[in-house]
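All remarks here apply to the structure that follows.
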Protein chains: 2
Amino acid sequence: MLSRTSQYALRSVLFIAENSHARRKVGVGEVAKALEIPKYYLAKILRRLAVGKLIRSSKGPGGGYYLNSEDFDHPLIAIIESVDGPDSLKKCALGLNTCSSEHPCPIHFYIGPFRDSLLQSLSEITVGDALEQLKQEHVFIDNLLTGDEKKKSNSDPDERN
Amino acid sequence: MLSRTSQYALRSVLFIAENSHARRKVGVGEVAKALEIPKYYLAKILRRLAVGKLIRSSKGPGGGYYLNSEDFDHPLIAIIESVDGPDSLKKCALGLNTCSSEHPCPIHFYIGPFRDSLLQSLSEITVGDALEQLKQEHVFIDNLLTGDEKKKSNSDPDERN
DNA sequence: CAAAAAAAAGACTTCTCAGTCCTTTAATAA
DNA sequence: TTATTAAAGGACTGAGAAGTCTTTTTTTTG
């Protein structure tokens, strides 16, 4: 469905969004540990995201990754395409290069609508939207690994971890 | 979306269904050529399908692959799972092993419904259904490669090729 | 300025999927 | 019963994704 790389990317961006701002950045190690992603592999992914201007980075002590306000407006699809290449979702959808609405294969009929609406969702939903959704569900992105739900009573997100 | 292997598998089963019966079997070479699938790779896939009792095979002269009447009742998902392993579609959907309705990630909300209906479609639609669909569209499965539509005026399917 | 901290860069390994080829087994037919 | 035909089985290769490690660059701060 989604490559592991783009799953990592999506989760990381959401985690960084939850846990950072221009004055409180998060490092690769922190993200890797929280989301249980191989650290050095994650570093590469974050670099690609930073090059694509989907997240920000700064070097040196106190450095790390963070989002600025515009970055919350990127659609989720941008993150996927940034790490997996453009059209990665579109081209892997059917497999038949000549399968189309004019020459539909039976699979086309079932998969087509699914892929289209998935694509539309991912293009509409922004990082900010997704974050909002998490908040409404009282879920932190890094909780999804263990399944234990942190109480949202702790006010300062910087205190987590 | 679907692995290339399961795409090969689906198309092959439909092709075999269209072009064979217990007394007129088709060989790997024939399928491979018609569907433009690497022959030796296809052989492996067909073997897995045969072991999974989704298609039949017989050795020796006049041998090859074919479907018997029960085989038309298998849902398409069975073919996919037979070659890609069980739950291949379910588990690749989100990537998060603990993502569930109780602990939904934001992607879950957007992907979930589509994936569920896709999964349901693939579980409902049988090989026979898909074949019916093709017939209604006046399409042969091996036409989907080139896009040129064969006229369905030729009555005996054995005559094709 | 020097030391430390963190990302950036790049070389390298590992694993899985896809694809190829060769040998063996089983079934048919002459 | 022997030759032929086709699947079954297994060894091997290649490409790309995923993962690891080391060195370099940049930035901060004492």
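Because the structure is predicted, anything quoted here is derived from the model rather than measured. Each chain gets a letter, A, B and so on, in the order its sequence line appears, and its residues count up from 1.
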Exercise. Check side chain to side chain contact (heavy atoms under 4.5 Å, CB included) between B:Asp116 and all other residues, then give those that pass, not counting sequence neighbours.
Key: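 Not a single residue meets the side chain to side chain contact (heavy atoms under 4.5 Å, CB included) criterion with B:Asp116.
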Quiz item: With sequence neighbours excluded, what pairs up with A:Ala43 under the side chain to side chain contact (heavy atoms under 4.5 Å, CB included) test?
Solution: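 Residues passing side chain to side chain contact (heavy atoms under 4.5 Å, CB included) with A:Ala43: A:Val28.
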Practice problem: Give the C-alpha distance, both sets of side-chain angles, the deciding distance and a yes or no for salt bridge (charged side-chain N to carboxylate O under 4.0 Å, His left out) between A:Arg48 and A:Glu81. | Solution: CA-CA 11 Å; A:Arg48 273 187 275 171; A:Glu81 291 187 339; over 6 Å; no
Quiz item: Tell me, which pairs form a side chain to side chain donor-acceptor pair (under 3.5 Å) where one or both residues lie in residues 60-71 of chain A, sequence neighbours left out?
Solution: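 Pairs touching residues 60-71 of chain A that pass the test: A:Arg56-A:Asp71.
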Would you list the protein and nucleotides 24-26 of chain C atom pairs, both N or O, that sit under 3.5 Å from each other?
residue, atom, partner, partner atom, Å
C:dT25, O2, B:Lys59, NZ, 3.1
C:dA26, O4', B:Lys59, NZ, 3.1

Which residues satisfy the side chain to side chain donor-acceptor pair (under 3.5 Å) test with [X], sequence neighbours excluded?
X: B:Thr5; value: B:Tyr41
X: B:Ser12; value: none
X: B:Ser58; value: B:Lys25

Quiz item: Taking OP1 and OP2 of D:dA8, is either one under 4.0 Å from a side-chain nitrogen or oxygen of B:Tyr65?
Solution: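 Yes.
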Quiz item: Taking OP1 and OP2 of D:dA6, is either one under 4.0 Å from a side-chain nitrogen or oxygen of B:Tyr66?
Solution: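 So the side-chain polar atoms of B:Tyr66 never come under 4.0 Å of the phosphate oxygens OP1 or OP2 of D:dA6.
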Rounded distance in Å - [atom1] ([X]) to [atom2] ([N]):
X: A:Arg56; N: D:dT27; atom1: CZ; atom2: P; result: 16 Å
X: A:Glu30; N: C:dA5; atom1: CD; atom2: C1'; result: 14 Å
X: B:Arg47; N: C:dA18; atom1: CZ; atom2: P; result: 16 Å
X: B:Tyr40; N: C:dG19; atom1: OH; atom2: C1'; result: 12 Å
X: B:Lys25; N: D:dA8; atom1: NZ; atom2: C1'; result: 16 Å
X: B:Ile37; N: C:dG19; atom1: CD1; atom2: P; result: 9 Å
X: B:Ile45; N: D:dA7; atom1: CD1; atom2: P; result: 14 Å
X: B:Leu2; N: C:dA18; atom1: CG; atom2: P; result: 11 Å

Quiz item: Want to settle it: does A:Gly62 or A:Lys39 sit nearer the 5' end of DNA chain D, counting the closest nucleotide to each?
Solution: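 So the residue in question is A:Lys39.
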Quiz item: Any side-chain donor-acceptor pair under 3.5 Å between B:Asp84 and B:Ser3?
Solution: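 Judged by distance alone, the side chains do pair up.
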Collect all protein-nucleotide pairs involving nucleotides 15-18 of chain D in which both atoms are nitrogen or oxygen and the distance is under 3.5 Å.
residue, atom, partner, partner atom, Å
D:dA18, OP1, A:Arg4, N, 3.2
D:dA18, OP2, A:Thr5, OG1, 2.2
D:dA18, OP2, A:Tyr41, OH, 3.3

Quiz item: With A:Arg47, which residues qualify under salt bridge (charged side-chain N to carboxylate O under 4.0 Å, His left out), at least two apart?
Solution: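 Residues passing salt bridge (charged side-chain N to carboxylate O under 4.0 Å, His left out) with A:Arg47: none at all.
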